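Here is the structure we will look at, set down as C-alpha cells.
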Protein chains: 2
Amino acid sequence: MSAVLETRTGKGEATRERILEIAEASVLAKGFGATSIDEVIAEAGLTKSGFFYHFKDKNALAREMVRRYVATNDRLFDEIFARGHQLSDDPLQAFLISLKLLAETMGDLPNGHPGCLIASICYQERLFDREVRELMAQSVRGWNARFRNILDGIALVHPPREPVDLDDLADMLSCVIDGGIIMSKSLNDQSRLERQILLYRSCIKLMFAAPPAS
Amino acid sequence: MSAVLETRTGKGEATRERILEIAEASVLAKGFGATSIDEVIAEAGLTKSGFFYHFKDKNALAREMVRRYVATNDRLFDEIFARGHQLSDDPLQAFLISLKLLAETMGDLPNGHPGCLIASICYQERLFDREVRELMAQSVRGWNARFRNILDGIALVHPPREPVDLDDLADMLSCVIDGGIIMSKSLNDQSRLERQILLYRSCIKLMFAAPPAS
DNA sequence: GAGAAACCGTACCATGAGTGCAGTTTTGGA
DNA sequence: TCCAAAACTGCACTCATGGTACGGTTTCTC
C-alpha cells in the first residue's frame with residue numbers, strides 16, 4: 001500500500017515527479033478538469049505516449065498527485081510540531097510556538113500559498129473515482145486526528161476555561177487554513193492566511209491559558 | 001451597472017435563471033472547466049443556439065453566476081443579521097443570535113451546503129477574465145466589511161478582553177465558513193460546517209463577553 | 001550485449017467550445 | 001387582431017483536447 005513512498009532510483013521517477021509538479025501547479029490554477037495533458041507534457045518536455053507510460057489515465061495522475069501532496073504536507077507538519085516540542089516542554093507553549101512557525105512559513109512563501117489540493121479536488125469531486133475521494137477524506141481525518149492529539153495533551157495540563165469540543169477545535173485549524181488560503185487568493189493578499197493562523201493561535205491562548213492574575 | 005437586479009418579466013428571464021441554476025450546481029460539483037455547455041442545455045431542455053442567445057460565451061455565464069450567487073448570499077445575511085438585531089438590542093447578543101441562526105440554517109440544508117461559488121472560482125482563477133475575478137474580490141471585501149461593521153459595534157460596548165485585530169476577526173467568519181464547507185464536503189459530514197460556525201461563535205463570546213463574576 | 005525501462009510517432013475517435021446564419025415560434029403590446 | 005420584438009430551433013461548420021492503440025526506438029542496468 002505504501003510502496004509508493006520508497007525512493008525509486010530510475011530516471012523514470014524523476015520524470016514522474018516533474019509531471020506531478022507541473023500538473024499540481026496547473027490544477028491549483030485552473031482546476032483538474034481544465035488541466036490539459038497537452039500543456040503538461042509540453043512543459044515537461046515529453047510526448048503524450050510518454051505521459052501515458054507513467055499514468056494510465058487522468059485519474060491515476062490525480063491519485064499520485066494527492067499522495068504526493070499529503071506526504072509533503074505531513075512532512076511539513078512533522079517538522080513544525082517537532083520544532084515546537086523542542087522549544088518548550090509545556091504542550092500549550094509548544095503548540096503556540098508551532099502555530100507561530102506555521103503562520104510564518106505560510107507568510108514567507110514566495111508567491112503566496114499555491115492552494116490546497118484537497119480543497120481543489122473537493123470542489124470537483126464528480127471528476128474523481130472513489131479511490132481519490134477516499135484518499136482525500138482519509139488525509140483530512142489524519143490531519144484532524146493529529147491536531148486533536150495535540151489538544152488532548154494541552155487539555156490535560158491546562159483545562160479549558162469554557163467547555164469546548166476539542167474535535168471541533170482541532171477541525172478548526174484545517175478550516176482556518178483552507179479559508180485563509182481562499183481569502184488570500186481571492187483578495188490577492190498573501191498576509192491574510194498568516195493572520196488567520198495567528199488569530200486561531202490567539203483563540204487557543206484564550207481557551208487554555210490561565211487568565212492574567214486578577 | 002446594476003440593471004441586472006431589476007426583475008425582468010419576460011419568459012427569457014426564466015430560462016436564464018434555469019440555466020444559471022443548473023450551471024451553478026454543475027460548477028460546484030465538477031468545476032467550471034469540466035462543466036459542459038452541452039450537459040447544461042440538455043438538462044435545461046434547450047439548444048445550443050438558445051444558450052448562446054442568452055450568454056455570449058462561458059465567461060458571460062460565469063459573470064452572471066457570480067452576480068446571482070452574491071445577491072442570494074447577501075439576501076441571506078441581511079435576513080439573518082436583521083433577525084438577530086430584532087431579538088436583542090445588545091450588539092454582542094444580536095451577533096451571537098445571528099451566528100446561531102446561521103449555523104442552524106447551514107445545518108438544516110437538505111443535502112448539505114452545495115459549496116461556495118467564490119471558493120470554486122478562486123481555485124480555477126486562470127479560467128476567468130479580470131471582470132469575474134474583480135467581482136469575486138469585491139464580494140469578499142463586501143462580506144468582510146459587513147462583519148467588521150458588526151464587530152465595531154460590539155467593541156464599542158464590550159471592549160475585547162485581549163487585543164485583537166477586528167479586521168482579522170471579521171475575515172475569520174468567511175474563512176471558517178469556507179473551511180467548514182470544504183471539511184463537510186470532503187468528509188461527507190454535514191454537521192462540520194454547523195459546528196465550525198458555532199465554534200467561531202464561542203470564540204466571539206470569549207473575546208467580548210465579560211468574564212464570569214470571580 | 002541482452003533485456004527491461006523509458007520513451008517517440010502516428011493515426012484515430014469522441015466530445016466540447018464556439019461561430020454563423022437562416023428560419024420558426026412565442027409573447028406582449030398597440 | 002396584427003405586428004414587431006423576443007426567444008428560440010436547426011444545421012453546418014472549425015478547432016482543441018482527452019483518450020486509445022500500437023509499433024518502433026533509445027537509454028539504462030546488470
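Below, read A as the first sequence line, B as the second, and so on, with proteins coming before strands; counting in each chain starts at 1. None of these values were measured; they are calculated from a predicted model.
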Task: Proximity to DNA chain C (any heavy atom under 4.0 Å), residues of residues 17-26 of chain A only - done: none
Task: Phosphate OP1/OP2 of C:dC7: any A:H54 side-chain N/O under 4.0 Å - done: yes
Task: Phosphate-side-chain proximity, B:T15 and D:dC8, N/O vs OP1/OP2 below 4.0 Å - done: yes
Open item on the list: Counting distance alone, no hydrogens or angles: does the base of C:dG9 have a donor or acceptor under 3.5 Å from a partner atom on the side chain of A:T47?
Closed with: no
- [ ] State whether A:Y53 places a side-chain N or O below 4.0 Å from either non-bridging phosphate oxygen (OP1 or OP2) of C:dC7.
- [x] no
Task: All salt bridge (Lys or Arg N to Asp or Glu O under 4.0 Å) counterparts of B:E43, not counting sequence neighbours - done: none
TODO: Scan residues 35-44 of chain A against DNA chain D and write down, sorted by residue number, each residue with any heavy atom closer than 4.0 Å; if none is found, say none.
DONE: A:T35, A:S36, A:I37, A:D38
Open item on the list: Please report the distance, rounded to the nearest Å, between CZ in B:F51 and P in C:dG16.
Closed with: 14 Å
Open item on the list: Between C1' on D:dT17 and CG on A:D57, what's the gap in Å once rounded to a whole number?
Closed with: 15 Å
TODO: Using modelled atom types only, decide if a donor and an acceptor are shared between the side chain of A:Q190 and the backbone of A:H113 within a distance under 3.5 Å.
DONE: no
TODO: Using atom types as modelled and distance alone, determine if a side-chain donor or acceptor of B:S98 lies under 3.5 Å from a backbone N or O of B:I80.
DONE: yes
Task: Separation of atom CG in A:L61 from atom C1' in D:dT17, rounded to whole Å - done: 15 Å
Open item on the list: What is the distance, to the nearest angstrom, from the CZ atom on A:F52 to the P atom on D:dT17?
Closed with: 14 Å
TODO: Kindly indicate, with the supporting measurements, whether the criterion salt bridge (Lys or Arg N to Asp or Glu O under 4.0 Å) is fulfilled by A:D78 and A:R146.
DONE: CA-CA 10 Å; A:D78 284 344; A:R146 176 200 283 263; 2.9 Å; yes
Task: Side-chain donor/acceptor of B:K58 to base of C:dG18, under 3.5 Å - done: no
TODO: Quickly work out the A:E13 CD to C:dC7 C1' distance and round it to whole Å.
DONE: 15 Å
- [ ] Could you note down all residue pairs passing side chain to side chain donor-acceptor pair (under 3.5 Å) where residues 44-62 of chain A supplies at least one of them, sequence neighbours left out?
- [x] none
TODO: Could you name each residue pair satisfying salt bridge (charged side-chain N to carboxylate O under 4.0 Å, His left out) that touches residues 105-127 of chain B, not counting sequence neighbours?
DONE: none
- [ ] Could you check how far NZ of A:K48 sits from C1' of D:dA21, rounded to whole Å?
- [x] 12 Å
Open item on the list: Over the length of the helix from C:dG1-D:dC30 to C:dA30-D:dT1, how much do the five-pair end axes diverge, rounded to 10 degrees?
Closed with: 30°
Task: Between C1' of C:dT26 and CG of B:L46, the distance in whole Å - done: 15 Å
Task: ring pair (Phe, Tyr, Trp, His ring centres under 6.0 Å) partners for A:F32, two or more places apart - done: A:F128
Open item on the list: Once side chain to side chain contact (heavy atoms under 4.5 Å, CB included) is applied, do any residues pair with A:S120, and if so which ones, sequence neighbours excluded?
Closed with: A:V27, A:L28, A:Q124, B:Y123
- [ ] Name all residues meeting the side chain to side chain contact (heavy atoms under 4.5 Å, CB included) criterion together with B:E131; count only those two or more places apart in sequence or in a different chain, and write none if there are none.
- [x] B:R63, B:R67, B:D129
Open item on the list: Tell me which pairs pass side chain to side chain donor-acceptor pair (under 3.5 Å) where either residue lies in residues 18-32 of chain A, with sequence neighbours left out.
Closed with: A:S26-A:T35, A:K30-A:E39
Open item on the list: So, using side chain to side chain contact (heavy atoms under 4.5 Å, CB included) as the criterion, who are the partners of A:I204 when residues are at least two apart?
Closed with: A:L92, A:F95, A:L96, A:L99, A:L151, A:L169, A:Y200, A:F208
Task: Rounded interatomic separation in angstrom, taking NZ from B:K56 and P from C:dG20 - done: 11 Å
If you look only at distance, which donor and acceptor atoms sit under 3.5 Å apart when one is on a side chain in residues 68-77 of chain A and the other is two or more places apart or in another chain?
unit_1, atom_1, unit_2, atom_2, d
A:R68, NH1, A:E17, OE2, 2.4
A:T72, OG1, A:R68, O, 2.8
A:D74, OD1, A:W143, NE1, 2.8

